[in-house]
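Only one structure is covered here, and it is reproduced in the block below.
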Amino acid sequence: MNAKFFLPSILLAAYCITPGYSLAETPLSPWVFQFAQQNIVGKVVDENNLPIAGATIKLKGTNQSVSTNSSGEFNIQSSSANVTLVVNYLGYLAQEVAVKDSKVLTIQLVPDQSNLEEVVVIGYGTQKRKELTGSISSIKASDLEKVATTSFTGAIQGKVPGVTITQTTGAPGGSSSVRIRGVGTTGGNQPLYVIDGFPVGGGSLAINGSSDNVDGMAIVNPNDIESIEVLKDAAAASIYGARAANGVILITTKRGKDGITNTELHTYTGFQDLWKKPKFLNAEQFATLANELYTNSKMTPNPEWANPQSLGTGTNWIDEVFRTAPLYNVDFSVNGGNQKVKSALSLGYRDQQGTIIETWNKRYTGRANVDIKANDKLTFGGSLALSYINGKGQQNEDFRIGIFNLAQQFYPTLGREDVVNGSSAYYSTQGDNPYLRANTNQNFLKNLRLYGNAFGEYEIITGLKFKSSIGLDFISNRSNNWEPKVQRGFYNNPQATLGETQTQGINWLIENTLNYSKKFDLHNFSAIVGQTAQRNTNDWISITAREFQNETIKVVNTSSESNRRASGTGSVYTLASYLARVNYAYDDRYLFSASIRRDGSSNFGPSHKWGNFPSVSAGWNISEEDFFNKNGLISSLKLRGSWGQLGNDAIGAFGYSSTFGIGRAVDNYILGAGQSLVTGASMMRPGNEDLKWETSEQLNFGIDANFLNNKGYLTAEYYIKDTRDMLVSLPVSLEAGFESAPSVNGGKIRNSGFELLLGYASGSEFKYDVSVNMSTLKNEVMSLGAGNPISGPIVGFTSMNSSYTEVGHPIGFFRGFIVDGIYQSDAEVNKTFQPNATAGDFRYKDINGDNVLSDADRVMLGTPWPAVTYGMNVDLSYKNFDFNMLWQGIAGNEIFHVNKFSTYPIKYFGGSGVVNASEGILDRWTPQTGGNTVPILKYTDSNGNYANLSSFYVEDGSYLRLRNITLGYSLPKEIFERSKMIKRLRFYASGQNLITFTKYSGFDPEIGATNPLASGVDDGVYPMPRTYMFGVKLGF
Amino acid sequence: MKFIYKTLIAALVVANTSCGDKFLSLSPTDIIVEDKFFTSVSDAEAALMGIYSSMQKEEAFTNVRDAADIEWAIAGDMFEMDGSANRIELHSLSLPSTNTILRDVYNAAYLGIGRANVVIGKVQSMKDGDETLRKQIVGQAKFIRALYYYRLVTYFGGVPLITDQLSASSDLQIPRAAAADVWALIEKDLNEAKDVLPVNWTGNNIGKVTSGACKALLNKSYLWQKKYTEVIQVSESLFSENYYDLLPDYRSIFLETNENNKEILFSTQFKEGVDAEGNNLVKRTAPRGAPAEFTGGAAWSNFVPQKHWVDSHEKDQTGKIIDKRYWSTIIGPGEQHQDIKGFYMPTVVPAGWSRSGFIMTKYWQKPTLNNSGVNPPVIRFAEILLNYAEALNESNQTAKAIDQVNKIRNRAGLAALSTSLTKDKALDAIFKERRMEFIWEPTGGFSDLNRSGRFLKFIQENRPNYADLNVSQKPWLQKTPILFPIPRDAWDRNKKLEQNEGYTF
């Protein structure tokens, strides 16, 4: 069977089993009671007095039960007027109600704080928390509501032990890096995102000409989320096999509920600003220090700066390019239905301006979820979601021409509209005015994503269900950047430039599963088998055009035809899988689960396409044992353990074949009298036929306990996660002459850690829920292929590697010389050790004592990975007030503050001239003042004070941050009792990142990165803003 | 447990594996895999272009890293304007193994060699197409491979000698070969190439390697090894082709409007534009801060001629330089650009334009918006003539040697030297001409001085900052020839490499 027949055949298979079959209707009740019947009528409501539909009412001591209707009402017949009803509803404590004389009752249920009965979404199904044997953390819609957030990752940040979320940029709509249980590989470390059962790509979106990526998961509006589950261990995740090595995040969106129509309007508005602005030299300080630099270097100081005092404070360029930026969001949603059709619809709009001028992000989202019950056996359902992002970005992380870096480097002696003129000896040619640059350069993104899925489910016999689903994810991404023809002083762009890139991704996925569950006596059994197939295609085309006839029309058509360059290519990826899982529980006491997934990926060669990913897990609910006293200190206790294997195929396609590039600029040549361009070709990367899956094997032990009458709760886990056959392009000998190193399975990395969640929740009128979470992480490279260390990418414009990876240390650590003070005099200098050093230069530490400054003197200076990540969440409510406070912190990590490379030396790093510098340079060494931290000002850095990676650049990156604080007030329900229109009205005020404790000297210690080998590197990251917002939520 | 696991796997395998394999076997849409490439001569020709293209890297053959950063900044006749650390390390002769310029040059050479090895290996076993065409493709690849190895062996000594296509499973821990083995490969490649390549190319092939280019590189290779008889033989064989010659006018050698002229034995081909087919030569030359109407786009004046070099030109009694080469390619205070007639150097040259007061116009011929199309000369006839002269002189044919030198001097407008000079004086004269003839070209600077053991004496006599260089404290300078350190990055990945004497990794 080939791919062409593959798809239709599956659909056919699904079709075969749909209508037509219908089991003969049999009378449900063969027995007719002859006793006098009593009608017991009542209503079930929740803690907010809203009706609960679907609650079960059972007559105690009988098998007789009914469900509440959409108004929460029930009617049960009994032979006696005095009975006891047992009321059950998911997420609420079971309640026994004594009925006397068939009196009409209203039964109010109390939410179950213990969460043991809570249903948790797992891969390809759901399970009660009590029955879980894997490690799964869950965030519910009610938790999401407490934290106002613009992205769904913001809702998990600080709440889930073992999950580290860092925003990679503070740009509006910026993307986050999400790491579950550490970094297991030098390659892709992103978890797998699964929305309503469908794995989707969550890669961030680049804006042409901008350094700040936009969140690619904008398709998920936080307001639409019903729950988020984080699958952390192998038992939970291995059902997703091939792509689960970095953990899995399941997102379940809100679906329509039977009988209740809920309409909600949620809007908030607010503003964002910088929580900290490091200081840079003012005009007088700058001129003074520039003069000192020239004098120290026996060069003539700039006569324009001869009298520093006359220059005053000058312009603060940080203030010119940063601003207080407004934020606005509105979401509208409606959901409801009847027994046949249920649906949920939502629309959202968010307009977020950036704290850097001329940056913004607008997000439009829409979603429709529909469930249709065709008959008792057959249900259909589906989702359609849409997102459109329109954004504007700026180039920041570029020491040379980034807006942010120019703001740090540009001359405070000049005004907002001024450009550099004068003698070129003193100015850097790249010294463009950041304010004018931000206003003339334009980098836009237009991203449209459509995601839809549909399923049909048929119950073949009781407990046996066949489900077939198909999903389609369509992404159209358009980005362009524009720079006009300008000459601003020495900065010169001789031709207007327009770059346009169009990317189109079409991904489809088909799944067929057969699910069986059966309960008999004390045995509870369920199993699933299934098959899936997925195909992703991605095509892009890019055009660069120059020299525009009329610069007000910024389209390719107005450019000079001879100055257009086009390029484009495409890629395709397929994955086929089979999966199976069995769950078995005996008397709720002994729990057992095993799963296996077999995945085949197009990324591997013929003999290594397939991989198997098994897992087993078991749990013991000790508190269900007879010997256990539930009324003691501990009200429930479960022990669980799991083992399993997960995979990773996240490498470029065709790593198994040698590949040749054709027609790239690095292949083409010029020949002939007419100077014609001749298409060339060259080998890009040698193939590795033996390339196979990266496997991560994880062992997990956990304890779940509730104590003090289920008021206290605790989850503690310990895991060891070993990544084997890590997919990596290990550095190979330069002599091999490979353009790119072959992809190989090299290396083993171990992550291990302890995770804890501990909380206490109680109260009725004054309710509180206080919890702390903490996780530790130890990351160690156990082996590395041939054994050669891996150097991270070189930080642009420097010769410093962003990281180093070698056996025995964490992945991607910072490595360099230790600065052991500053030489106070020429006589102190050890000329053999540091031949070019003079007084005022760094003294490096001779680690091996051989009196030669060599590589052996470079040591580990720090790691970007926090040893401890922690959070504290406080939820309080009193009458109609609610309050949330979330603290989040990390400790034990370092930041490579390479931004100092451009903001300390005063001398322009990339050529001639001087630039402005951080106020930190005021502590520089001078013969008069001495000093041991900042070297002398010099035009030529022959000792490499700034060129060498040293402890000078590495700083403590720990921080503790007030991630969220929210105070809400809901109008008393009594007000709305008369009105049929309004059901609920809540106001809230919220703030994010209001308080940060850190020793870090840069703008912000939250330095996210997608590349694990360039993590914790602050080369001018768009700083995280502080946010204030005010919102209203109206339910009607 | 194991039983269940195995049963499950078995069931899954049976389920659908054969179906899935076809679904999972994709062909790339954006690249070509090896077994679908090299099926025709046109593929081979494209791969040959890939080798040529490797020379367009700034670290390869564009006269920036090699000619400016290494050859002429180390010799001290060019001034590095930026004070950037990597250049200062070369300029000050401190030469750490971490120097990124040396690493990049080393890396670029092996990238080119790797591309050449693929083509040589594949095309030799190819059946498609005309045999002559295939031999010429291999011949060109061998010339470029030899050119890269020439650079490596003269800069670093014996280096790992790789002649076959390597794969992911090859042993990539490769020790250094003896310098003699590298030279042997260079000679073998060039001798084979010169016999299959034409004297000149026409039409759309202009710019490719000719037999003359092979002979010219052989000339250089023999000279480095002091094989003077062979130098003379191969030079005369080149002369007998009657194709290459000196141009009468010095400036016209370099003009973009006169590319691939008879003096150019080999140059990397470039075209003005915005991408990698153009180079940075104009940006690096043109005066930083000068009006954009003259410079075009970027102007960085990274390198400028040193005052002491300018001063060593021959002058008339009024003190005016008589050497036409100066007037053809240099402008000093108050002087007019040779081609951009509106441009005069100010009488007081701004320090940003040039700290020495001089700017070179060899490559800066017109305002250039983006990457320039100037072809950097790699080997030209004047060098072959001076090499020939040196070999003749060493073979005690001093008078005949001086005849050659006088051809160069004559073009420069200088008086002929007496043919009765002593052998030593004749050698000095040859080196003097190299210094005045080839500034900012990849010859005539450090390497020639180093090859002949004249480097330390030269800098002692000519570099004004000689005292600051601490030559006696730098053991690596006490060798003849001086070798650069094997780059640390190379050693990081290939622990079989041994470092040259006097250096550490």
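Everything quoted here is computed from the prediction, not taken from an experiment.
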Practice prompt. Specify which of A:Ala947, A:Pro731, A:Gly663, A:Ser942 makes the most heavy-atom pairs with chain B at under 4.5 Å.
Written response: A:Pro731
Practice prompt. Go through the atoms of B:Leu152 and report whether side chain, backbone, both or neither lie under 4.5 Å from a heavy atom of chain A.
Written response: neither
Worksheet item: Out of curiosity, A:Leu853 CG to B:Thr504 OG1, how far, rounded to the nearest 0.5 Å?
Response: 8.5 Å
Practice prompt. Describe, in one word, how the ring planes of A:Phe660 and B:Phe38 are oriented to each other, choosing from parallel (under 30°), tilted (30 to 60°) and perpendicular (over 60°).
Written response: perpendicular
Item to complete: Ignoring hydrogens and angles, tell me if any N or O in the side chain of A:Asn492 forms a donor-acceptor pair with the backbone of B:Gly296 under 3.5 Å.
Response: yes
Worksheet item: So how far is it from A:Ser428 OG to B:Arg288 CZ, rounded to the nearest 0.5 Å?
Response: 7.0 Å
Worksheet item: Which bit of B:Thr268 is near chain A, if near means a heavy-atom gap under 4.5 Å: side chain, backbone, both or neither?
Response: both
Discussion item. Within the structure provided, determine whether A:Asn668 and B:Met49 are in side-chain contact (heavy-atom separation under 4.5 Å).
Written reply: no
Worksheet item: Relative to chain B, which segment of A:Tyr491 carries a heavy atom at a distance below 4.5 Å: side chain, backbone, both, or neither?
Response: neither
Worksheet item: How about B:Lys495: does its NZ atom have over 12 heavy atoms from other parts shown lying under 6.0 Å from it?
Response: yes
Worksheet, complete the sentence: In this structure, CD1 of A:Ile794 is separated from OG1 of B:Thr100 (nearest 0.5 Å) by 7.5 Å
Discussion item. Just so I know, are the side chains of A:Glu735 and B:Leu172 near enough to count as touching, which here means a heavy-atom distance under 4.5 Å?
Written reply: no
Worksheet entry | Lys/Arg N to Asp/Glu carboxylate O, A:Glu739 vs B:Arg115, below 4.0 Å | yes
Discussion item. For a 4.5 angstrom cut-off between non-hydrogen side-chain atoms, does B:Trp201 reach A:Leu671?
Written reply: no
Practice prompt. Side chain from CB out, backbone as N, CA, C, O: work out which of these in A:Ser601 comes under 4.5 Å of a heavy atom of chain B, or both, or neither.
Written response: backbone
Discussion item. Could you check whether any side-chain N or O of B:Lys271 sits under 3.5 Å from a backbone N or O of A:Leu677, counting only pairs where one atom can act as donor and the other as acceptor?
Written reply: no
Fill in: Between A:Phe490, A:Tyr939, A:Tyr427, A:Phe738, the one whose heavy-atom pairs under 4.5 Å with chain B are most numerous
A:Phe738
Worksheet item: Quick one: side chain to side chain contact (heavy atoms under 4.5 Å, CB included) partners of A:Ser657, sequence neighbours excluded?
Response: B:Val33
Discussion item. Please classify the contact between B:Tyr106 and chain A as side chain, backbone, both or neither, with a heavy-atom cut-off of under 4.5 Å.
Written reply: side chain
Worksheet entry | For chain B, the option from A:Ser743, A:Ala681, A:Ala425, A:Gly422 that forms the most heavy-atom pairs under 4.5 Å | A:Ala681
Worksheet item: Taking A:Tyr669 for the side chain and B:Gly50 for the main chain, is one N or O donor matched with an acceptor at less than 3.5 Å?
Response: no
Item to complete: Examine the side chains of A:Gln495 and B:Asn370 and answer whether a donor and an acceptor come within less than 3.5 Å of each other.
Response: yes
Worksheet item: What residue in A:Thr832, A:Ile790, A:Val732 has the most heavy-atom pairs under 4.5 Å with chain B?
Response: A:Val732
Worksheet item: Atom OG of B:Ser167 and atom CG of A:Asn688: how far apart are they, to the nearest 0.5 Å?
Response: 8.5 Å
Discussion item. Given 3.5 Å as the limit, does a donor-acceptor pair link the side chain of B:Ser53 with the main chain of A:Val666, or not?
Written reply: yes
Discussion item. If I measure from the heavy atoms of chain A, does B:Phe37 come under 4.5 Å with its side chain, its backbone, both, or neither?
Written reply: side chain
Item to complete: Assess whether side-chain contact (heavy atoms from CB on, under 4.5 Å) is satisfied between A:Phe654 and B:Leu26, documenting all intermediate values.
Response: CA-CA 9 Å; A:Phe654 308 109; B:Leu26 301 173; 4.1 Å; yes
Worksheet entry | Test item: A:Ser676 and B:Asn204 side chains (from C-beta on) under 4.5 Å apart, heavy atoms | yes
Fill in: Non-hydrogen side-chain atoms of B:Arg493 and A:Leu734 separated by less than 4.5 Å
yes
Fill in: Residue B:Glu45 versus chain A: region with a heavy atom under 4.5 Å
neither
Item to complete: Any chance you could measure A:Ile670, atom CD1, to B:Gln269, atom CD, to the nearest 0.5 Å?
Response: 8.5 Å
Item to complete: Of all the heavy-atom pairs spanning A:Gly687 and B:Ala168, show the shortest one and how long it is.
Response: O-CB, 3.3 Å
Practice prompt. Considering non-hydrogen atoms only, spot the tightest contact between B:Gln173 and A:Ser733 and give its length.
Written response: NE2-OG, 4.1 Å
Worksheet item: Which atoms of B:Ala299 come close to chain A, meaning under 4.5 Å heavy atom to heavy atom: side chain ones, backbone ones, both, or neither?
Response: backbone
Item to complete: Could you look at B:Arg355 and say if it's the side chain, the backbone, both or neither that has a heavy atom under 4.5 Å from chain A?
Response: side chain
Practice prompt. For A:Gln675 and B:Glu277, test the side chains for any donor-to-acceptor distance below 3.5 angstrom and give the result as yes or no.
Written response: no
Item to complete: Pick one of side chain, backbone, both or neither for B:Ile88, based on which atoms fall under 4.5 Å of a heavy atom in chain A.
Response: side chain
Worksheet item: For the atom pair CG (B:Leu24) and CG (A:Leu575), what is the distance rounded to the nearest 0.5 Å?
Response: 7.0 Å
Response to the item:
One option among A:Gly680, A:Ala665, A:Ser912 has the most heavy-atom pairs under 4.5 Å with chain B, and it is A:Ser912
Worksheet item: Heavy-atom distance under 4.5 Å to chain A: side chain of B:Lys208, backbone, both or neither?
Response: both
Item to complete: Check whether any side-chain N or O of A:Thr574 sits under 3.5 Å from a backbone N or O of B:Phe23 as a donor-acceptor pair, and report yes or no.
Response: yes
Worksheet item: Taking C-beta and beyond as the side chain, do A:Pro686 and B:Gln165 meet within less than 4.5 Å on heavy atoms?
Response: no
